[in-house]
Amino acid sequence: MEDFSEETEAEKYYSREEMQKFREYVKSLPKSTYTLGILLHSYIVARIGETRALTWDDFNAQTGELTIWHEIIQERQGEKARVDKDVPHTKSCKGQGRRTIALPDEAINVIEELRKINGDKKYMLNGCRNAKFSIPANKINEHIKSYCEACGIIYRSSHKFRFYGISSLYDAGVAEEKIQYTAGHTDRKMTQHYDKSRNIRKKVSKEDMKALL
């Protein structure tokens, strides 16, 4: 199960206006593994470990499709040390976690820019030429925070990009089974958790509370 903390509805989601402002700012920055990787993450409704695990073999340039089937996790080594490990499954640990998604042109363009930087490396988001794995999740979040501060929006972690993406698919009227597949969820209720409109409707209004009087 994915871990969710208690948040207000405003804190849970980037609005469309915020996401547009964020993306435009990041696009204005010099192209790097971080700027391009964060843009890509904002387009693909993936967990951060799945985005970090993307290799060039996962992208079909002919069809413009991306297959998400593995992720990078942190595994404890010794008492304190943690090391990255690429595991052959997603967080669901079941077949439903594997999915092939058609990418929008914006995401394909980002991948092609990443290829210019990291095309000779295993991972799309390799941190440097000799790095075994891609850029660290905590560094990604540090960059997201600095970008949010620079463009004047509330900072939310990389996981909130996933909230934004799934909620946007619901808002666009995409069938729930397609959204569940794209998100890699084994349980429909987990997918529904990300639906902003559904969750807002659950809130009890001031008018509703008059029933207590």
Side-chain angles (χ1 to χ4, degrees), residues 7-56 58-61 63-66 68 72 99 101-119 121 123-128 134-174 178-179 182-184 194-200:
E7 302 168 292
T8 67
E9 293 304 320
E11 290 172 332
K12 275 185 181 177
Y13 303 89
Y14 288 99
S15 68
R16 183 168 297 277
E17 292 75 20
E18 286 176 325
M19 184 57 72
Q20 289 174 343
K21 189 174 183 180
F22 178 87
R23 285 172 174 160
E24 287 306 311
Y25 174 75
V26 177
K27 289 176 185 177
S28 74
L29 299 174
K31 292 181 174 64
S32 70
T33 302
Y34 280 102
T35 57
L36 294 170
I38 288 168
L39 277 176
L40 179 62
H41 185 63
S42 77
Y43 290 128
I44 62 174
V45 197
R47 303 172 180 93
I48 191 60
E50 295 169 342
T51 300
R52 293 178 62 222
L54 291 173
T55 70
W56 298 110
D58 298 330
F59 175 60
N60 186 327
T63 64
E65 293 178 330
L66 185 69
I68 299 173
I72 293 176
R99 65 268 195 204
I101 57 176
L103 297 178
D105 290 341
E106 290 84 351
I108 294 173
N109 292 339
V110 169
I111 288 177
E112 292 307 323
E113 290 296 330
L114 276 167
R115 195 187 297 276
K116 295 176 185 178
I117 298 174
N118 288 337
K121 305 167 191 173
Y123 293 99
M124 290 186 185
L125 305 189
N126 254 104
C128 63
S134 61
I135 51 181
N138 65 322
K139 292 295 184 181
I140 292 174
N141 281 304
E142 287 177 10
H143 279 73
I144 292 174
K145 183 176 182 180
S146 68
Y147 301 158
C148 286
E149 290 173 348
C151 62
I153 65 176
I154 297 172
Y155 162 68
R156 301 171 181 88
S157 73
S158 58
H159 188 62
K160 302 307 180 184
F161 287 31
R162 185 164 160 84
F163 271 75
Y164 172 81
I166 295 174
S167 184
S168 295
L169 291 174
Y170 271 111
D171 290 345
V174 176
K178 290 184 178 181
I179 301 175
T182 301
Y194 290 80
D195 180 10
K196 175 169 64 175
S197 297
R198 183 192 306 268
N199 289 327
I200 289 176

Looking at [Y], is its backbone amide N or carbonyl O close enough to the side chain of [X] to form a donor-acceptor pair, meaning the two atoms are under 3.5 Å apart?
X: Ser134; Y: Met124; value: no
X: Arg162; Y: Ala183; value: yes
X: Arg52; Y: Ile135; value: yes

Query raised in the report: Between Phe163 and Tyr194, what is the ring plane arrangement, given parallel below 30°, perpendicular above 60°, and tilted in between?
Result: tilted
I need the [X] [atom1] to [Y] [atom2] distance, nearest 0.5 Å.
X: Leu66; Y: Tyr43; atom1: CG; atom2: OH; value: 14.5 Å
X: Asn118; Y: Thr33; atom1: CG; atom2: OG1; value: 4.0 Å
X: Ile101; Y: Ile68; atom1: CD1; atom2: CD1; value: 4.0 Å
X: Asn126; Y: Ile117; atom1: CG; atom2: CD1; value: 12.0 Å
X: Asp195; Y: Asp171; atom1: CG; atom2: CG; value: 7.0 Å
X: Glu106; Y: Leu39; atom1: CD; atom2: CG; value: 10.5 Å

Of the non-hydrogen atoms in [X] and [Y], which two are nearest, and what is the gap between them?
X: Ser158; Y: Asn141; answer: N-OD1, 2.7 Å
X: Ser42; Y: Arg23; answer: O-NH2, 2.7 Å
X: Cys148; Y: Ile154; answer: SG-O, 3.9 Å
X: Gly64; Y: Ile108; answer: CA-CD1, 3.8 Å
X: Tyr25; Y: Cys151; answer: CB-CB, 3.9 Å
X: Tyr170; Y: Ile179; answer: N-CD1, 3.6 Å

[X]/[Y] ion pair, N-O < 4.0 Å:
X: Arg156; Y: Glu18; answer: yes
X: Glu50; Y: Arg99; answer: yes
X: Glu24; Y: Lys21; answer: no
X: Glu142; Y: Lys139; answer: yes

Residue pair [X] / [Y], side-chain heavy-atom distance below 4.5 Å:
X: Tyr155; Y: Ile144; result: yes
X: Leu125; Y: Leu54; result: no
X: Tyr34; Y: Leu29; result: no
X: Tyr13; Y: Lys160; result: no
X: Ile140; Y: Thr51; result: no

Query raised in the report: Between Thr55 and Asp58, is any side-chain donor less than 3.5 angstrom from a side-chain acceptor?
Result: yes
**Report entry** Positive for ring pair (Phe, Tyr, Trp, His ring centres under 6.0 Å) with Tyr14, one of Tyr147, Phe161, Tyr164
**Finding:** Phe161
Query raised in the report: Passes side-chain contact (heavy atoms from CB on, under 4.5 Å), His41 versus Ile48? Steps please.
Result: CA-CA 7 Å; His41 185 63; Ile48 191 60; 3.9 Å; yes
